[in-house]
Undergrad: 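Below you will find the structure I want to go over with you.
Values below: all heavy atoms of this structure, side chains included; hydrogens, waters and symmetry mates excluded. Residue numbers start from 1 in every chain, and the chains themselves are labelled A, B, ... in the order their sequence lines are given, proteins ahead of strands.
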Number of protein chains: 4
Amino acid sequence: MATTILVNQPVYPAMARPSNTETRRSEIVQALLTVMARHGYEKATIQLIAREARLSPGLLHYHFKHKQEILVALVEALADYAEHRFARLCDGQSQPRQQLEAYLHAWLSLGEGASPERVAAWVMIGAEAVRQPEVRTVYQRVIEAELSRLRGLIQQVQPHKPEPFASTLAASLLAMITGSAQLACATRDIMPSAYAAQAAIDYLRQALA
Amino acid sequence: MATTILVNQPVYPAMARPSNTETRRSEIVQALLTVMARHGYEKATIQLIAREARLSPGLLHYHFKHKQEILVALVEALADYAEHRFARLCDGQSQPRQQLEAYLHAWLSLGEGASPERVAAWVMIGAEAVRQPEVRTVYQRVIEAELSRLRGLIQQVQPHKPEPFASTLAASLLAMITGSAQLACATRDIMPSAYAAQAAIDYLRQALA
Amino acid sequence: MATTILVNQPVYPAMARPSNTETRRSEIVQALLTVMARHGYEKATIQLIAREARLSPGLLHYHFKHKQEILVALVEALADYAEHRFARLCDGQSQPRQQLEAYLHAWLSLGEGASPERVAAWVMIGAEAVRQPEVRTVYQRVIEAELSRLRGLIQQVQPHKPEPFASTLAASLLAMITGSAQLACATRDIMPSAYAAQAAIDYLRQALA
Amino acid sequence: MATTILVNQPVYPAMARPSNTETRRSEIVQALLTVMARHGYEKATIQLIAREARLSPGLLHYHFKHKQEILVALVEALADYAEHRFARLCDGQSQPRQQLEAYLHAWLSLGEGASPERVAAWVMIGAEAVRQPEVRTVYQRVIEAELSRLRGLIQQVQPHKPEPFASTLAASLLAMITGSAQLACATRDIMPSAYAAQAAIDYLRQALA
DNA sequence: AATGAATGAGTGTTCATTCAT
DNA sequence: GATGAATGAACACTCATTCAT
């Protein structure tokens, strides 16, 4: 009997009500992603985000002290997501060259699992990083990590090329990815996402030839 | 012709103060450029723009009905500026290949006449184009014109390459320019503007080789 | 004619609309005085103050950047008022001893011109000075000035007493004035303002005997 | 009698956890004291008080229906504390004159056991008493009791002085205590607590001379 | 053409209070 | 008794826009 009670009931008074903060936080971050892709950061009001997440506005400030913190959490979530997507796309690919292409697919959201919403949100985040130092910090961290990963992959494909070959090519590719996303979002009809993305892949192949 | 213009202007109160609308409009647009580079579009309030232009807030709405109209005017002004800068940098260059490099310099704001302010403002405009249809329209027009010009230059350099060589390369270059500007503004210290821009030029040379 | 125009019309374009900021600011400060006497500072909301002043809430923030600035302006206005009231009550009094009593009357708001509203507001201000550094700064400045003035008056009445007689007595009187105001406001029925104030005057007479 | 108390307590679940309501209530009241001394009443949020007391916010409303009730309890606790401190300081003092000075020490929190926190909280309470009737009621009760006690002590020292000697002097002293506390808290650097308090004691000695 | 006061809808944020667990 | 998530009504403050002068 006693054992049953111990197993079924929380033992510590601190567990009188279990925390669901992590669940709520990710719900809120996801809602910001959706709203921001449509309206941008400034027009993504707490009210709109809350409605999207089906939560009350006050609750958002219970789980995040400031609106900006949701944005920062979103940047980290998106970086995580691309990381996982890359890992999944890489799965089984032993060739660095194919891993590189998988990388581009992951960030350009091509093929299955494509998410125009994420691409648009990432474009908005880039603009916010220009003017919000706190956002810039995390944005820079992500960019640095991606640059470093790209450099590593390139060096595996072309181990004999001296620097700054890998560094320059990595920067070019990242600029191209970023710019493709930007142009695809801002011009929609006239330059489809796939088109700009294909250009990046062509470039890569040519550069590594 | 000159007479016609004089006729179209009010004759009777000719001694009254001459219209300075165009002057004022460009002052206001210039002020938006400056403020927007620092604070983004939403935080570029009418009050801030007016203070920057040393004008009264009310006057801004005399010359522009809505804030968005200033933004649209700015997009056009920036396109004009790049056009003129390109024309000036091209001056004397008869070689299409050198014109192409001049083009990249003009848009990436390298060398003399570089203007980080314009680059930052252009990045902010790109983000606004994603969510404001009116801005997107002019933004698209500019992008289309630039794509077309780039395509033409490339075809002059490599007249024998079949499509979609020129189209793809033009798109790649524009994506790279856009992405370089974005990364330079949003990461400042870790990826200097010149670095990303140089990568674009390297890419161009390689592609045309 | 030209003269008439010059006289009747504003000459400088800067005067297209004359400023009424000073008028509005004092109206707002007066409204804060009234509302704060009744509800305290925190409960004196911008809405309440605006309604009291018959102005729109937005206008309050046009003339004062932050609510706290209204409070700081009120502290200065109250110090000014007591200064003027003291000057008026002193008028014709050549005797320092009578000036001292006039001083107490001025601050305790006795006799004609008494203003329970001002006394209550001053009590609230004292509490805010404890926790708001910006308010404390002006509050301290006022207290120091009053201490210094009191010390001077006492020294005129009793020029032969060595220090710290005047300093101590000045501090005692100010503490008494402050405490009388506090008790009168917070206990209303059981200790009328006049009662506590009379005690201060009795004390003064006795001390100077 | 003791038995009665035991009878009134629940007998059957006697082995269940014993009530700790009184402990919790005083912890909460103590936490309000600390937080209020720093931030004032309005800014002393339930969350802040709870954190200070190392309790959960919900628990505060279990022990006190409304925030104001904690404040009322604090007023009573502070009166009790001064009472006990006075009793302790009086201990062994048979002379009414020395008891009077002990009284001033107790309320002005001089010597050992001084507590700037309590003084500051008392100042905040005085301001709240002006605008909250429920607080005013308890505040008045405390003031009346103190006035009465002071009057009694003065009459013991000067039994032959006719009224309103004792009443007036008692009121003066209480005003001075109150005002000294106020000035000490609100001006900090420029008028130390001890200074203003000493003035009160000097005054008392002089008045009783 | 120009001014700057005025408005009101909307913003992020706070917070006492409630309540399921 | 105790927890901490949840609510909703406030709050100070912002801002594009209007308008009398």
Undergrad: Output the rounded distance in Å from CZ (Phe64(D)) to P (dA16(E)).
TA: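 Roughly 15 Å, once rounded to whole Å.
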Undergrad: Taking the side chain of His63(C) as its heavy atoms from C-beta onward, which of dA2(E), dA6(E), dT17(E) lies nearest to it?
TA: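 Nearest listed nucleotide: dA6(E).
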Undergrad: What's the closest nucleotide to the side chain of Thr21(B) if the choices are dA2(F), dA5(E), dA1(E)?
TA: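 Among the listed nucleotides, the one closest to the side chain of Thr21(B) is dA1(E).
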Undergrad: Give the nucleotide from the list dA6(E), dT17(E), dA12(F) with an atom nearest to the side chain of His61(C).
TA: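 For the His61(C) side chain, the nearest candidate turns out to be dA12(F).
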Undergrad: Quick check on side chain to side chain donor-acceptor pair (under 3.5 Å): which of Glu134(D), Glu128(D), Arg136(D) does Gln132(D) satisfy it with?
TA: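 Going through the options one by one, the only one that passes is Glu128(D).
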Undergrad: Tell me the partner of dC13(F), counting only Watson-Crick (N1-N3 plus N6-O4 or O6-N4) or G-U wobble (N1-O2 and O6-N3) with both under 3.5 Å; none if nothing fits.
TA: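 With both distances under 3.5 Å, dC13(F) matches dG10(E).
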Undergrad: Return the value, rounded to whole Å, for the distance between atom CD1 of Ile46(B) and atom P of dT3(E).
TA: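 These atoms are roughly 15 Å apart.
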Undergrad: Which one is paired to dC15(E), where only Watson-Crick or G-U wobble pairs with both distances under 3.5 angstrom count?
TA: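 In the structure as shown, dC15(E) has dG8(F) as its Watson-Crick or wobble partner.
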Undergrad: Once you round it to whole Å, what is the distance between P of dC13(F) and CD of Gln47(C)?
TA: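 That distance rounds to 13 Å.
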Undergrad: Rounded to the nearest 0.5 Å, what separates atom OG1 in Thr34(C) from atom CG in Leu48(C)?
TA: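 These two atoms lie 11.5 Å from each other.
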Undergrad: Compare side-chain N and O positions of Asn20(C) against OP1 and OP2 of dG4(E) and report whether any pair is under 4.0 Å apart.
TA: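 No, outside the criterion.
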Undergrad: Please state how far atom NE2 in His66(A) lies from atom C1' in dG12(E), giving the value in whole angstrom units.
TA: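 Roughly 10 Å, once rounded to whole Å.
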Undergrad: Does dT3(E) have its OP1 or OP2 closer than 4.0 Å to a side-chain nitrogen or oxygen of Ser19(C)?
TA: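 It does not, given that no N or O in the side chain of Ser19(C) lies less than 4.0 Å from OP1 or OP2 of dT3(E).
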Undergrad: Side chain to side chain contact (heavy atoms under 4.5 Å, CB included) for His66(D) and His61(D)? Distances and angles first, verdict last.
TA: CA-CA 7 Å; His66(D) 299 290; His61(D) 276 93; 5.6 Å; no
Undergrad: Figure out the CG/C1' separation between Leu60(D) and dT18(E), and round it to whole Å.
TA: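 About 14 Å, once rounded to whole Å.
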Undergrad: Nearest nucleotide by nearest heavy atom, which residue falls closer to the 5' end of DNA chain E, Pro57(C) or Arg24(B)?
TA: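 Mapping each residue to its closest nucleotide by heavy atoms, the 5'-most match is Arg24(B).
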Undergrad: Just how far, in rounded Å, is C1' of dT11(E) from NE2 of His39(A)?
TA: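 Interatomic distance, NE2 of His39(A) to C1' of dT11(E): 16 Å.
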Undergrad: From CZ of Arg17(C) over to P of dC19(F), roughly how many Å is that when rounded to an integer?
TA: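 After rounding, the gap between these two atoms is 12 Å.
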Undergrad: Nearest nucleotide by nearest heavy atom, which residue falls closer to the 5' end of DNA chain E, Gly58(C) or Tyr62(C)?
TA: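 Of the two residues, Tyr62(C) wins.
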Undergrad: Taking 4.0 angstrom as the limit, do Glu52(C) and Arg38(C) come out as a salt bridge?
TA: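 Result for this pair is yes, salt bridge flagged.
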Undergrad: Tell me which of Leu59(B) and Leu59(A) sits closer to the 5' end of DNA chain F, going by the nucleotide each one is nearest to.
TA: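 Closer to the 5' end of DNA chain F: Leu59(A).
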Undergrad: Between Thr45(C) and Arg54(D), which has a closest nucleotide on DNA chain F that is more 5'?
TA: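 Counting from the 5' end, the first nearest nucleotide belongs to Arg54(D).
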Undergrad: Please give, in whole Å, the distance from dT13(E) C1' to Ile49(A) CD1?
TA: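 Computing the Ile49(A):CD1 to dT13(E):C1' distance gives 13 Å.
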Undergrad: Out of curiosity, His63(C) NE2 to Thr23(C) OG1, how far, rounded to the nearest 0.5 Å?
TA: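 So the gap between those two atoms works out to 9.0 Å.
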Undergrad: Side chain of Lys43(D), heavy atoms from C-beta onward: which of dC15(E), dG12(E), dT17(E) has the nearest atom to it?
TA: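 Nucleotide nearest to Lys43(D)'s side chain: dC15(E).
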Undergrad: Could you identify the nucleotide paired to dA20(E), looking across every strand shown and requiring Watson-Crick or G-U wobble geometry with both distances under 3.5 Å?
TA: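 With both distances under 3.5 Å, dA20(E) matches dT3(F).
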Undergrad: So if I take every side-chain heavy atom of Ser56(D) and compare against dA2(F), dT13(E), dT14(F), which nucleotide ends up nearest?
TA: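 The answer is dA2(F).
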Undergrad: Can you identify which nucleotide, out of dG12(E), dT18(E), dA20(E), has its nearest atom closest to the Lys65(D) side chain?
TA: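 Selected nucleotide (nearest to the side chain): dT18(E).
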Undergrad: Please determine if Arg25(C) and Glu76(C) form a salt bridge, counting it only when a charged side-chain N lies under 4.0 Å from a carboxylate O.
TA: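 Looking at Glu76(C) together with Arg25(C), the answer is no, because their closest N to O distance does not fall below 4.0 Å.
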